[in-house]
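Proteins come first, then strands; the chains are lettered A, B, ... in the order of their sequence lines, and each starts at number 1. As a basis for the values below, the full set of heavy atoms in this structure was taken, side chains included, without hydrogen atoms, waters or symmetry mates.
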Amino acid sequence: MLPVVVVHGGAGQIPKEWSEKSTSGVCSAARAGYRILQGGGSSMDAVVEAATQLENNPSFNAGCGSVLNVKGEVEMDAIVMDGKTLATGAVSAVRNIANPIQLARLVMDKTSHACLTAEGASQFARSMGVPEVPQESLITEYSRMRWKKNLAPDANPVECQIGKMG
Amino acid sequence: TVGAVAVDSEGNIACATSSGGILNKMEGRVGDTPCIGSGGYADNRMGAVSTTGHGEAIMKVTLARLILFHMEQGQSVEAASDLGLAYMKSRVSGLGGVVTVDPQGHWATCFTSQQMAWAAAQKDTLHYGLYTGEHFTQSI
C-alpha cells in the first residue's frame, strides 16, 4: 500500500468552466508527489512538492491565484507537519512570496518556532534568501474580479462554506 | 486552499496545507491553515489530515486533530473523516473537505461542500474526482 500521496485543491463551489483545470491541477500535483516517493524521497518532500505545484497553479486559492483581502491585497497562510517527530512549521499573513509552503518548511527546519507571521515571516524569508515577488504576480484577473464583486455591502464571500441548517 | 498528505516507503507521514484565505477577508485575518491541529496534522502513529473549507469553523472544532482522534478510537479513515466533517457541520454550521491517510496507506477524501478537487497516487494508479461520489482512475 505504500507509498501513497493524496492532494486536494480546496472545497467550495467550483465554477463549471473551472472543473477541468481544477482536476488536471490536482492530478499533476499528485503525480509530482508520487514521483518523489517512488524515487525514495520523504513524505515531507512529496507533500511540499505537491503543494508547491498547486501554489504555482493560478487555478487554486494559494500562492499565485490567492483570493484578495478587503483591501485587494494577498496575505497567505501555510503549514507543514512531520509525523515522525511532530515537528511543524507555519507562516501566516505572509505577503510577496511565491511559495509559502516552502517558507513554512524553513520555519520547521531552521527555527525553534512553530509559526512566524506577517512582517516577521517576511524578514525570515529575506534572511533565508527566499526571493520576494511583486504582489501583482500573485493576483489573477479572476481573483480581482471576485474581489470587486464581493465588495458589495450585501455580499457573503463564504456563502458556499456555511452549512445551511436542516 | 490546497493541501497534501503522504506516507513514504519507510512509513513516515507528513502533511502540507497552503491557502490565500477567504475572499475579502479583513487585513490580518489568519484562518485555520497555519494552526496545528486545524489546517493539518501528521503523526506516524495515527495518520495525517489536510483540511479546507470555512476556516473559522475548522478552528472551532480543530478538524484535523479531531479526525485523527476518531482514528485512534478505531474508526477507518473514511468514517473518521465523515464524523469530523459532520460534527463541524452540525456544531458550527461549517462546510469543508479533508484528505486523510493512515500509517498503512489507507486514504480517504471527504467533503460536505458542493465540490472538492482531489487526486491520489498509489500502486502506480492515479485516482481523482471533483463532485460528490466521483472516483475516476487511470494508470500513472
Side-chain angles (χ1 to χ4, degrees), chain A residues 1-14 19 22-23 26-27 30-31 33-34 37 42-44 46-48 50-51 54-55 60-62 66-67 69-71 74 76-84 88 90-93 100-101 115 146-147 150 157-158 160-163 165, chain B residues 1-9 11-28 30-31 33-34 36 39-44 48 50 52-54 89 93-97 99 101 104-105 107 109 111 113-122 126 128 130 140:
Chain A
M1 295 278 275
L2 304 185
V4 59
V5 59
V6 193
V7 311
H8 68 78
Q13 243 165 349
I14 299 170
S19 306
S22 297
T23 302
V26 290
C27 286
R31 281 197 184 92
Y34 192 65
L37 293 171
S42 70
S43 51
M44 181 55 70
V47 294
V48 169
L54 294 168
E55 287 175 334
F60 296 98
N61 171 20
S66 289
V67 296
N69 69 14
V70 69
K71 291 174 68 177
V74 171
M76 301 167 283
D77 303 331
I79 190 170
V80 293
M81 185 165 187
D82 177 331
K84 184 176 180 183
T88 183
V91 289
S92 52
I101 202 70
C115 181
R146 290 186 72 204
W147 167 65
N150 282 280
V158 292
C160 64
Q161 292 175 339
I162 303 288
M165 292 308 285
Chain B
T1 305
V2 301
V5 292
V7 190
D8 60 32
S9 316
N12 290 318
I13 296 179
C15 73
T17 310
S18 179
S19 181
I22 54 175
L23 198 48
N24 290 52
K25 62 188 178 184
M26 290 175 70
E27 186 176 11
V30 174
T33 296
I36 187 169
Y41 199 86
D43 186 337
N44 278 11
S50 173
T52 171
H54 189 230
K89 183 170 181 180
S93 305
L95 303 180
V99 291
V101 70
Q104 290 73 44
W107 55 270
T109 65
F111 51 98
S113 54
Q114 287 189 37
Q115 295 115 2
M116 180 174 81
W118 63 269
Q122 184 178 46
L126 184 69
Y128 62 95
L130 178 65
I140 275 200

- Start with the C-alpha distance between A:M1 and B:Q104, add both sets of side-chain angles, then the distance that settles side chain to side chain contact (heavy atoms under 4.5 Å, CB included), and finish with yes or no. CA-CA 7 Å; A:M1 295 278 275; B:Q104 290 73 44; 5.6 Å; no

Looking at [options], which has the largest count of heavy-atom pairs under 4.5 Å with chain B?
options                   : answer
A:S22, A:G9, A:A90, A:A51 : A:G9
A:T23, A:V26, A:V48       : A:V26
A:I79, A:V91, A:I14       : A:I79
A:L2, A:V70, A:V7         : A:V7
A:P3, A:S19, A:S66        : A:P3
A:P100, A:G83, A:A30      : A:G83

Using a 3.5 Å distance criterion without hydrogens, assess whether the side chain of [X] forms a donor-acceptor pair with backbone atoms of [Y].
X     : Y     : value
A:N61 : B:G20 : yes
B:S18 : A:A78 : no
B:D8  : A:S42 : no
A:D77 : B:T33 : no

Most heavy-atom pairs under 4.5 angstrom with chain A, which of [options]?
options                       : result
B:F111, B:W107, B:Y41         : B:Y41
B:G97, B:G11, B:G40, B:G21    : B:G21
B:C15, B:G31, B:G28           : B:C15
B:T17, B:V30, B:V99           : B:T17
B:A48, B:A120, B:A117, B:G105 : B:A117

- Note on the structure: To the nearest 0.5 Å, atom CG of B:N24 lies from atom CH2 of A:W147 at 8.0 Å

Which atoms of [X] come close to chain A, meaning under 4.5 Å heavy atom to heavy atom: side chain ones, backbone ones, both, or neither?
X      : answer
B:I140 : both
B:T109 : side chain
B:V101 : side chain
B:L130 : side chain

- Going by atom types alone, do B:S50 and A:H8 pair a side-chain donor with an acceptor below 3.5 Å? yes

- Set of residues satisfying side chain to side chain contact (heavy atoms under 4.5 Å, CB included) with respect to B:A14, sequence neighbours excluded: A:S43, A:M44, A:V47

- Query: Do B:I22 and A:V67 have side-chain heavy atoms sitting under 4.5 Å apart?
  - Reply: no

- Task: Indicate the atoms forming the closest heavy-atom contact of B:V2 with A:A62, along with that distance.
- Result: CG2-CB, 3.8 Å

- Item | Where A:N69 and B:K25 come nearest, the two heavy atoms and their spacing | CB-O, 3.3 Å

- Answer with side chain, backbone, both or neither: which region of A:V74 has an atom nearer than 4.5 Å to a non-hydrogen atom of chain B? neither

- Query: Which atoms of A:A50 come close to chain B, meaning under 4.5 Å heavy atom to heavy atom: side chain ones, backbone ones, both, or neither?
  - Reply: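 Only the side chain of A:A50 comes within 4.5 Å of chain B.
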
- Item | Criterion side chain to side chain contact (heavy atoms under 4.5 Å, CB included) against B:Q122, the qualifying member of A:V6, A:V4, A:L37, A:V5 | A:V4

